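Notes to accompany the following structure.
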Amino acid sequence: MCGIVAYIGKKEAYPILIKGLQRLEYRGYDSAGVALLSNGELNLYKKQGKVANLVDFASDKNTTGQIGIAHTRWATHGEPNDKNAHPHSSSNGNLAIIHNGIIENYDVLKEELISRGYVFKSDTDTEVLVHLIDDIQKKEGVWFGEALRIALLSVTGAYAIVVISKDKPDTIVAARKSSPLVIGIGKENDFYLASDATPIVEYTDQVVYMNDEEIAVIDLKDGMKLWNIQDEEKTPYVQHLELQLEALEKGGYEHFMLKEIHEQPRSINDCFRGRLNATEGWVELGGIKDYEQQLINANRVVMVACGTSWHACLVGEYLFEDLARINVEVEYASEFRYRNPIINEGDIVIAVSQSGETADTMAALELAKSKGAIILGICNVVGSSISRITHAGSYTHAGPEIGVASTKAFTAQVTVLTLMALSIAHKKGTMNETKFRTMLAELELIPDKVKKVLENNAHIERIAAEYKDATNALYLGRGSSFPVALEGALKLKEISYIHAEGYPAAEMKHGPIALIDEAMPVFVVATKGTSYEKVVSNIQEVKARKGKIIAIVTEGDEQVKLMADHIIEIPDTDEHLVPLLATVPFQLLSYHMAVMRGCNVDQPRNLAKSVTVE
Ligand code: G6P
């Protein structure tokens with residue numbers, strides 16, 4: 001949610017900043033802007049819309065300079081227009097700032113600054129910071145880095161900030177609290193700062209992930225120094241970046257989303273690596289080994305997440321309860337944190353998050369931690385905030401997910417939760433050896449079976465063409481296919497803007513059935529298993545009202561075929577593993593429908609991939 005990038009060194013900053021913004025555009029694309037220091041001048045350009053608009057706008061401007069900051073915005077305070085775009089500058093034009101996060105007490109600070117004569121040019125919370133720094137500089141006669149530190153003492157909220165000033169054209173200052181900020185240490189005494197490592201990876205693999213309330217001062221002469229806001233010097237912890245540049249490119253696919261859907265056989269396999277061995281009959285999640293016994297003994301596990309990750313938790317709930325006989329509660333992180341939740345001794349809270357930065361999930365975890373819970377994380381982004389505040393965790397290893405609508409991260413989350421449930425069930429003795437071994441063998445086959453599902457792409461595209469003009473859609477499933485239905489509906493509304501609802505199939509008769517007519521496509525997971533016959537009845541109820549049925553069925557199914565308007569076959573597997581296969585046709589259906597409707601599938605309107613505000 002908002003992407004920031006900055007450069008200081010001997011190279012021209014502008015191309016580095018623009019490329020960086022394009023990499024970070026998934027975090028928001030309401031507006032983009034850049035500020036460059038060049039020959040004593042501070043040149044600032046900003047434009048509503050995507051980075052491409054900024055590039056057009058700046059094409060005939062002076063974009064020289066070896067120090068610069070840039071920003072791509074997801075609007076919170078103030079509508080997405082030119083004046084609210086970052087960077088924001090001080091009244092005298094000396095300072096420029098970019099910010100990701102929210103200044104919660106901005107209104108109090110703003111009032112005070114206005115009363116002292118400061119004139120605001122935007123409606124953002126961020127502009128308060130730049131005037132505050134300016135004000136402190138004037139009042140206390142300190143340089144802008146020290147003024148930023150003092151300013152942050154009176155700020156409540158979340159921030160990743162980078163500031164430059166005409167007064168010190170060889171210096172860049174950054175600060176972070178609750179919003180991510182990574183510093184790349186270049187090979188030519190240069191430094192790259194960004195919201196995540198994607199704009200940095202092609203220049204260096206040496207990075208420092210800033211911690212909360214840290215301030216980085218980077219100077220062309222003295223290099224980088226870290227302080228906390230109490231003015232104590234900190235030692236930077238330099239880490240090796242494990243990111244491949246190719247992972248950030250489309251690799252011949254038309255969209256990142258399509259590439260990421262097709263990557264799933266690989267990403268699920270990567271998730272297994274070193275953790276699953278069906279031949280030898282073991283499953284082990286090294287990252288949470290120290291807390292394994294607590295998991296085995298747990299009376300209750302609470303899973304917290306948002307969006308697609310919340311759906312993964314719902315699948316996890318079925319797996320943990322059925323296989324490991326652990327009571328699980330799945331909570332929207334945003335609700336959990338404001339509800340004075342009951343946390344008992346021995347409770348374990350698991351946060352599931354692709355980005356590892358979602359503000360509500362972070363806050364829910366911090367709350368659970370403060371109440372004495374053991375907190376575990378399942379994250380995709382290595383080094384992310386959630387992965388750093390948890391007691392332990394498991395990475396999903398899906399690789400960077402750039403498409404805003406989550407696909408491969410979801411199946412990777414479900415994979416980790418499956419491995420966890422199996423490991424606990426086996427050790428706890430709630431699953432016998434034969435069943436355990438059979439499940440491991442089935443699980444190991446999943447990547448190849450996902451490959452088979454993907455071979456249906458052309459068939460799925462033809463179905464998409466028939467329903468692309470629908471205005472509503474219903475998704476139905478039972479058991480662990482209910483979250484698959486929720487996820488199918490979310491994917492469709494996110495990227496094609498068709499209104500869609502996911503429902504437990506049996507609940508349809510308590511409301512949604514009233515919506516069914518010949519124009520309503522109903523997408524149903526009707527695979528073989530415990531609820532098969534029940535779902536068949538639900539399909540008949542839809543057909544009796546002339547609804548259109550698009551059913552996901554087990555290969556070779558004959559019964560549903562006779563009733564459905566379309567079927568999409570998936571390979572047979574253990575019932576517990578169906579979500580890993582049944583999700584994929586829904587991803588492809590949404591993708592094709594959105595493309596046919598002319599929507600921007602990788603960057604749907606109003607959404608952002610990493611939601612770092614409440
Ligand atoms: C945003 C994204 C979703 C994601 C959700 C939770 O809404 O657009 O794709 O599922 O945030 O994000 P997380 O990174 O915590 O999984």
Side-chain angles (χ1 to χ4, degrees), residues 1-3 24-30 74 76 100 178-180 195-196 198 256-257 260-261 267 303-316 330-337 349-366 375-390 393-396 398-417 483 486-497 502 583 586-587 590-591 594 599-614:
M1 184 142 292
C2 294
L24 293 176
E25 214 169 16
Y26 73 87
R27 300 178 68 87
Y29 26 84
D30 288 335
W74 188 88
T76 57
N100 165 214
S178 303
S179 293
S195 299
D196 69 30
T198 58
F256 279 111
M257 182 178 178
E260 287 156 7
I261 292 172
S267 53
M303 296 187 186
V304 291
C306 303
T308 288
S309 302
W310 185 77
H311 296 155
C313 293
L314 290 179
V315 179
V330 177
E331 301 271 1
Y332 282 117
S334 54
E335 289 297 310
F336 176 83
R337 57 183 292 203
V349 176
I350 303 179
V352 179
S353 173
Q354 187 286 130
S355 62
E357 303 291 346
T358 303
D360 282 318
T361 312
M362 280 276 287
L365 269 188
E366 273 158 1
I375 57 168
L376 306 179
I378 297 177
C379 297
N380 192 39
V381 177
V382 177
S384 54
S385 303
I386 291 177
S387 66
R388 288 189 293 150
I389 66 162
T390 42
S394 287
Y395 283 118
T396 44
E401 192 180 64
I402 313 285
V404 165
S406 186
T407 52
K408 64 173 180 173
F410 173 78
T411 44
Q413 290 165 343
V414 172
T415 304
V416 170
L417 288 163
L486 289 175
E487 177 57 12
L490 178 65
K491 261 340 50 127
L492 191 68
K493 60 188 147 197
E494 275 182 315
I495 62 169
S496 71
Y497 319 136
T583 303
F586 285 163
Q587 295 170 342
S590 307
Y591 170 79
C599 301
N600 185 339
V601 289
D602 282 338
Q603 295 176 344
R605 69 182 179 209
N606 303 338
L607 299 180
K609 188 146 192 73
S610 174
V611 182
T612 52
V613 296
E614 284 186 35

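Note that ligands are numbered from 1 as they come in the structure, with each ligand's atoms numbered from 1 the same way. What you are looking at is a predicted structure, and each value in this text was computed from that prediction instead of being measured. Side-chain atoms are counted along with the backbone in the values below, which use heavy atoms only and exclude waters and symmetry mates.
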**Request:** Indicate yes or no: at least one non-hydrogen side-chain atom of Thr407 is less than 4.5 angstrom from one of Met257.
**Result:** yes

**Complete:** For Ser309, the atoms of ligand 1 under 4.0 Å from one of its heavy atoms are 10 (O), 13 (P), 16 (O)

**Request:** Classify the side-chain pair Thr308/Lys491 by whether it contains a donor and acceptor separated by less than 3.5 Å.
**Result:** yes

**Asked** Nearest to atom 15 (O) of ligand 1, what protein heavy atom do you find, and at what distance?
**Response** Thr358 OG1, 2.4 Å

**Message:** Please tell me whether Ser309 and Gln354 have a donor and an acceptor in their side chains that are separated by less than 3.5 angstrom.
**Reply:** no

**Request:** Any atoms of ligand 1 less than 4.0 Å from a non-hydrogen atom of Lys609? List them with their elements.
**Result:** 1 (C), 2 (C), 11 (O)

**Request:** Report the member of Gly307, Ala608, Ala405 with the shortest heavy-atom distance to atom 2 (C) of ligand 1.
**Result:** Ala608

**Message:** Using a 4.0 Å cutoff against the non-hydrogen atoms of Thr308, which atoms of ligand 1 qualify?
**Reply:** 10 (O)

**Asked** Can you tell me if Tyr29 uses its side chain to pair, donor with acceptor, with the backbone of Pro604 under 3.5 Å?
**Response** yes

**Request:** Evaluate the side-chain proximity of Asn100 to Pro180: yes if any heavy-atom separation is below 4.5 Å, no if none is.
**Result:** yes

**Request:** Could you check Glu260, Glu494, Glu401 and say which one makes a salt bridge (charged side-chain N to carboxylate O under 4.0 Å, His left out) with Lys609?
**Result:** Glu401

**Prompt:** Going by atom types only, do Glu357 and Ser384 share a side-chain donor-acceptor pair under 3.5 Å?
**Reply:** no

**Nitrogen or oxygen of Thr361 less than 3.5 angstrom from that of ligand 1** = no

**Complete:** A student checking ligand 1 against Ser406 at a 4.0 Å heavy-atom cut-off should list atoms 9 (O)

**Ligand-residue contact atoms, ligand 1 with Val404, heavy atoms, under 4.0 Å** = 8 (O), 9 (O)

**Prompt:** How far is atom 6 (C) of ligand 1 from its nearest protein heavy atom, and which residue and atom name does that atom have?
**Reply:** Cys306 O, 3.3 Å

**Prompt:** Mind checking whether Ser353 has an N or O less than 3.5 Å away from an N or O of ligand 1?
**Reply:** yes

